[in-house]
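Structure first, then comments.
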Amino acid sequence: MKSLLSQIFRRNPLLAWFGSGFFLLSAILLLLIPFNETTVLGINSLVKPLKFAVSIGIYAWTMAYLLHYFQSKRLVRNFNILIVVTMLFEQAVITVQAFRGTLSHFNQDSPLENILFGLMGLFISALTLYTLFAAFRFRKQSGPLNLTQAQKEGIFYGMLIFVAAGFIGGFMGSLNSHNIGGEMGEAGLPFVNWSTTIGDLRVSHFIGIHALQILPLVAFGLRRSLSSKRQSLLWTRVISLGYALVVLVTFLQALWGMPLWQM
């Protein structure tokens with residue numbers, strides 16, 4: 001673990017420290033939650049910014065590690081800037097609105113809040129599309145990458161499914177809701193608050209965005225556990241396909257108005 005952290009900070013100090021800032025924010029929000037009595041959609045208003053802060057911290061550290069394998073310095077520089085600007089704005093809006101006791105997403109109560117929600121969507125769309133562009137640029141790279149084909153494909157498929165999850169987020173924005181078959185704020189699972197009574201698009205969105213961590217980890221792990229490069233490549237492809245199917249099934253499940261776990 002210590003070696004991994006040192007690599008993250010050595011490979012991309014900007015995103016490494018950026019992610020660390022979000023983990024610090026997560027700790028602060030966690031400490032504040034017991035003293036906060038404001039609720040949004042039936043849960044403590046600080047839970048949402050806490051979830052986003054943790055997720056952004058993980059995302060920043062992941063990209064700090066993975067961008068090391070991208071040959072284009074210009075692409076990496078642009079990615080760094082886009083990540084920092086997008087995630088800072090996203091977290092700022094979510095946190096401020098949480099302290100105000102109102103929605104950050106799907107909020108059209110006033111012209112200002114409508115503009116803020118629109119800007120969040122614009123920034124996230126730009127980051128998602130740039131990720132798609134970068135994924136295919138990465139796939140076309142040739143030369144010494146210090147990666148096996150399985151590891152390269154694990155990164156590529158992780159980015160591709162991450163992009164698909166971004167489109168699911170855009171679909172939620174177009175619906176102005178993350179629920180299908182009822183209103184937001186119904187009974188949900190602890191902490192994540194995924195609905196236990198109706199369809200919830202956040203399930204497939206969450207699973208999809210974390211392909212960015214899981215599939216590269218799988219590919220790197222298989223390379224260590226399997227002696228054959230051919231076998232590790234085959235299993236990377238099989239697991240990536242299976243992961244994509246899980247995202248698709250949970251997405252369709254939500255569209256049909258069915259919760260992930262009914263209680």
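Predicted, not measured: the structure shown is a model, and the values here were computed from it.
Within the model, atoms CZ of R202 and OG1 of T250 stand 13.5 Å from one another, a figure rounded to the nearest 0.5 Å. In this structure, CG on L50 lies 9.5 Å from CG on N44, to the nearest 0.5 angstrom. To the nearest 0.5 angstrom, R137 atom CZ is 10.0 Å from F70 atom CZ. In this structure, the separation between CG on L215 and CD1 on I239 is 8.5 Å, given to the nearest 0.5 Å. Atom OG of S104 and atom CD of E90 lie 7.5 Å apart (nearest 0.5 Å). One distance of note links CE of M258 with CG of L252; it measures 10.5 Å at 0.5 Å rounding.
Hydrophobic cluster membership is shared by M184 and M172, with clusters built from Ile, Leu, Val, Met, Phe, Trp and Tyr side chains linked at under 4.5 angstrom. Under a hydrophobic clustering in which Ile, Leu, Val, Met, Phe, Trp and Tyr are joined whenever their side-chain heavy atoms come within less than 4.5 Å, directly or via other members, V249 and I214 fall into different clusters. A continuous path of hydrophobic side-chain contacts links I58 to L4 [ILVMFWY only; heavy atoms under 4.5 Å]. Taken together through direct or relayed side-chain contacts under 4.5 Å among Ile, Leu, Val, Met, Phe, Trp and Tyr, L222 and V238 form part of one hydrophobic cluster. Under the 4.5 Å side-chain heavy-atom criterion for grouping Ile, Leu, Val, Met, Phe, Trp and Tyr, L31 is not connected to L25 through any hydrophobic cluster.
Shortest non-hydrogen contact noted between A134 and F79 is CB-CE1, 3.5 Å. Of all heavy-atom pairs between T62 and L212, the closest is CG2-O, 3.7 Å. The heavy-atom pair separating F99 from L32 by the smallest distance is CZ-CD1, 4.1 Å. Heavy-atom minimum distance, N146 versus Y69: O-CE2, 4.4 Å. Of all heavy-atom pairs spanning P216 and A211, the tightest one is CD-O, 3.4 Å. Residues A98 and S45 approach most closely at O-OG, 3.0 Å, considering heavy atoms.
The side-chain heavy atoms of T236 and Q149, taken from C-beta on, include no pair separated by under 4.5 Å. Residues V218 and W235 fail the side-chain proximity criterion, which asks for heavy atoms closer than 4.5 Å. Contact of the I180 side chain with the L175 side chain is registered, since non-hydrogen atoms from C-beta on lie closer than 4.5 Å. In this structure, L233 and T148 have side chains that are not in contact, with every pair of non-hydrogen atoms separated by 4.5 Å or more. Counting heavy atoms from C-beta on, the side chains of F220 and I155 come closer than 4.5 Å. Between V84 and L15, the closest side-chain pair of non-hydrogen atoms falls below 4.5 Å. Residues K48 and H105 have side chains in contact (heavy-atom distance under 4.5 Å, counting atoms from C-beta outward). Proximity of P49 to Q91: side-chain heavy atoms (C-beta onward) are separated by under 4.5 Å at one or more points.
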_Working for side chain to side chain contact (heavy atoms under 4.5 Å, CB included), residues L82 and F123_ = CA-CA 8 Å; L82 195 52; F123 281 127; 5.5 Å; no
*Any chance you could lay out the side chain to side chain contact (heavy atoms under 4.5 Å, CB included) test for L116 and V96, step after step, and finish with the verdict?*
CA-CA 11 Å; L116 290 174; V96 170; over 6 Å; no
*Just do the side chain to side chain contact (heavy atoms under 4.5 Å, CB included) check on S240 and E153 with the steps written out, would you?*
CA-CA 9 Å; S240 296; E153 291 197 12; over 6 Å; no
*Would you check, one step at a time, whether the test side chain to side chain contact (heavy atoms under 4.5 Å, CB included) holds for H68 with N12?*
CA-CA 7 Å; H68 170 75; N12 195 318; over 6 Å; no
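The side-chain tip of R11 points at the ring of Y65 from less than 6.0 angstrom away and within 45° of straight on.
Proximity of a side-chain donor or acceptor of N179 to a complementary backbone N or O of I198 within less than 3.5 Å is not detected. In this structure a side-chain-to-backbone donor-acceptor pair under 3.5 Å is missing from Q97 to T102. In this structure, K152 contributes its side chain and Q141 its backbone to a donor-acceptor pair below 3.5 Å. Side-chain atoms of Y243 come within 3.5 Å of backbone N or O of I207 as a donor-acceptor pair. With hydrogens and angles ignored, the 3.5 Å screen pairs no side-chain donor or acceptor of S55 with any backbone N or O of F52.
Ring geometry, F162 versus Y59: the interplanar angle falls under 30°, so the pair is classed parallel (tilted spans 30 to 60°).
Atom CZ of F191 has more than 12 neighbouring heavy atoms from other residues, nucleotides or ligands inside a 6.0 Å radius.
Aromatic pair F156/F138: centroids not less than 6.0 angstrom apart. The distance between the ring centers of F18 and F22 falls below 6.0 angstrom.
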